[in-house]
Amino acid sequence: MKKTFTIIAAIFMTALMAKAETQTTEMGSGNTDQAILEEHNTLVSAPAEPVEKDVKYWANTLASRLKVTGYAQTGYTATMPKNGENTNTFDMKRAILMVGAEITPKFYAFFMHEFKNNAMQEYYMEYRPCNAFKLRFGQSKIELSMENPMSPTVLESIGPMSQGVFWLCGADPLMDNACGRDLGLMAYGDLFNNKLRYVVEVLNGGQINKNDKNNQKNVIAKLEYKPVPNFRVSVSGQKGYGYALQQSDYNNTVNVGETYRQNRYSFGMEWKSKVTGTDYYKNRCTMVRTELIGGKDGDCDSFGAYVSSAIPVYKGLDIVAMADYMNYNTDAKLKKTNLMAGVQYWIFKKCRLQAQYTYSIKSDAMKALQGDDVSTVQAQLQVAF
């Protein structure tokens, strides 16, 4: 049977070649004008196929190497102080667009633009020779604490961050850098089958998108250990100096325009009931995260601690809760505790609805600065892709 098919195929190919030869001879003898015209049309239209192939090639290359993501968060906030005027407003929290570009397998670039404030939040390039060593140059979130590098799209609190992390990573008026980002050089990597992650950063220690004002650099070091994939322990620290951009009512040991000591430390743990991915709707799980963070700015010591949790209860619905303590100045006893409880409903992948109630308890010294204890009701819609 195999020989029969081979013979039939050979005869078929011979017949085709003979037919082609005959057509070529006939065109050369009797249809010269037609042959010239067809040859001319072929030559004119010849570049179309390569151009089309080039367009497809570059389109496919661009699609495979560029990844565009983004998110927006908007909602409603009502504040009800114990003694004072109630306020409420619809608010726009964030509108972010991110572009990641894999230039080559070893070179990667990233850009993040924030439309609410019309500012570039992140822009950096990475060299990735191996998983154990990666080098980043540019502006991104500083790696101080466990929480600061995390996206607001995954944090439980609408706030969204704990007081201590928010304050010590840049919100202090002395720094005036509420986004928790800085410009500099970072080396990081994962060791021992991704169980140990290290980070070392050398940063300006100032505002984003600005040159260093004091020529002093901040150094941040961080270690994260994962004994199992769904549990991690983190320790980080910072040594350096800051430049006081504004006067702070929370710290009278530093004056505007002064270069001051700016040290930090943090220790945290996070447990999840299962390993999660980037589809937050499908990868919902019970989570508990806690962290201690402290700092010294000039001669002012500060200290904070929080515990945050999320528990799935039904389909896309989670119960969330957070207890968050911060002493902004241990000498002046500027203490504030936020107790939050709420729900979040994951609509699809990274999209969710949130509703929360927070009660803020303040020390007498803090009341003198911020007013009485206050209740806050918040709702937020998050759309992400």
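Just so it is clear, the values below take in all heavy atoms, side chains as well, and ignore hydrogens, waters and symmetry mates.
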Under 3.5 Å: donor-acceptor pair, side chain of [X], backbone of [Y]:
X: Glu224; Y: Leu196; answer: no
X: Ser273; Y: Thr286; answer: yes
X: Glu258; Y: Asn255; answer: yes
X: Ser363; Y: Lys333; answer: yes
X: Asn283; Y: Asp279; answer: yes
X: Tyr198; Y: Ala132; answer: yes
X: Gln354; Y: Leu381; answer: no
X: Asp172; Y: Leu174; answer: yes
X: Gln356; Y: Met340; answer: no
X: Asn327; Y: Phe303; answer: no

Are [X] and [Y] ion-paired here, with the side-chain N under 4.0 Å from a carboxylate O?
X: Lys362; Y: Asp372; value: no
X: Asp373; Y: Lys82; value: no
X: Glu143; Y: Lys222; value: yes
X: Glu102; Y: Lys67; value: no
X: Asp91; Y: Lys93; value: yes
X: Glu126; Y: Arg136; value: yes
X: Asp182; Y: Lys141; value: no

More than 12 heavy atoms of other residues, nucleotides or ligands under 6.0 Å from [atom1] of [X]: is that the case?
X: Lys274; atom1: NZ; answer: yes
X: Phe348; atom1: CZ; answer: no
X: Lys226; atom1: NZ; answer: no
X: Phe137; atom1: CZ; answer: no
X: Tyr123; atom1: OH; answer: yes
X: Asn211; atom1: CG; answer: no

A side-chain contact here means heavy atoms from C-beta on lying under 4.5 Å apart; do [X] and [Y] qualify?
X: Ile220; Y: Ile142; answer: yes
X: Leu135; Y: Leu185; answer: yes
X: Tyr260; Y: Cys300; answer: no
X: Met125; Y: Ile103; answer: yes
X: Val99; Y: Leu66; answer: yes
X: Val377; Y: Met80; answer: yes
X: Glu291; Y: Ser162; answer: no
X: Asp324; Y: Thr337; answer: no

task: Would you kindly check if the NZ (Lys) or CZ (Arg) of Arg261 is within the cone defined by 45 degrees around the ring axis of Tyr241 and under 6.0 Å from the six-membered ring centre?
output: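 Here Arg261 fails the 6.0 Å and 45° test against Tyr241.
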
To the nearest 0.5 Å, tell me how far [X] [atom1] sits from [Y] [atom2].
X: Leu155; Y: Asn148; atom1: CG; atom2: CG; result: 9.5 Å
X: Gln238; Y: Leu144; atom1: CD; atom2: CG; result: 6.0 Å
X: Asp301; Y: Asn329; atom1: CG; atom2: CG; result: 8.0 Å

- request: Only one of Glu147, Met161, Met326 passes side chain to side chain contact (heavy atoms under 4.5 Å, CB included) with Phe166; say which it is.
  value: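 Of the listed residues Glu147, Met161, Met326, the side chain to side chain contact (heavy atoms under 4.5 Å, CB included) partner of Phe166 is Met161.
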
Closest heavy-atom pair and its distance - Ser308, Glu156: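 Closest heavy-atom pair between Ser308 and Glu156: OG-OE1, 2.7 Å.
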
field: Nearest non-hydrogen partners of Val254 and Ala244, listed with the distance
entry: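 The pair with the smallest heavy-atom distance is CG1-CB, 3.6 Å.
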
- request: Begin from the C-alpha positions of Arg352 and Gln382 and carry the test side-chain hydrogen bond (donor to acceptor under 3.5 Å, both in side chains) through to its verdict.
  value: CA-CA 5 Å; Arg352 65 178 170 177; Gln382 172 179 302; 3.1 Å; yes

[Y] ring center within less than 6.0 Å of [X] ring center:
X: Tyr127; Y: Phe107; value: yes
X: Phe231; Y: Trp271; value: no
X: Phe111; Y: His113; value: no

- request: Would you sort out whether Arg94 and Glu114 count as a salt bridge (charged side-chain N to carboxylate O under 4.0 Å, His left out), showing the intermediate values?
  value: CA-CA 7 Å; Arg94 297 164 193 85; Glu114 211 288 311; over 6 Å; no

message: I'd like to know whether Thr253 forms a side-chain hydrogen bond (donor to acceptor under 3.5 Å, both in side chains) with Asn251, so could you lay out the CA-CA distance, the side-chain angles of the two residues, the decisive distance to 0.1 Å, and finally the verdict.
response: CA-CA 6 Å; Thr253 70; Asn251 184 349; 2.6 Å; yes

message: Applying the side chain to side chain donor-acceptor pair (under 3.5 Å) criterion to Tyr328, which one of Gln163, Lys335, Lys336 satisfies it?
response: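 Output: one option passes, namely Gln163.
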
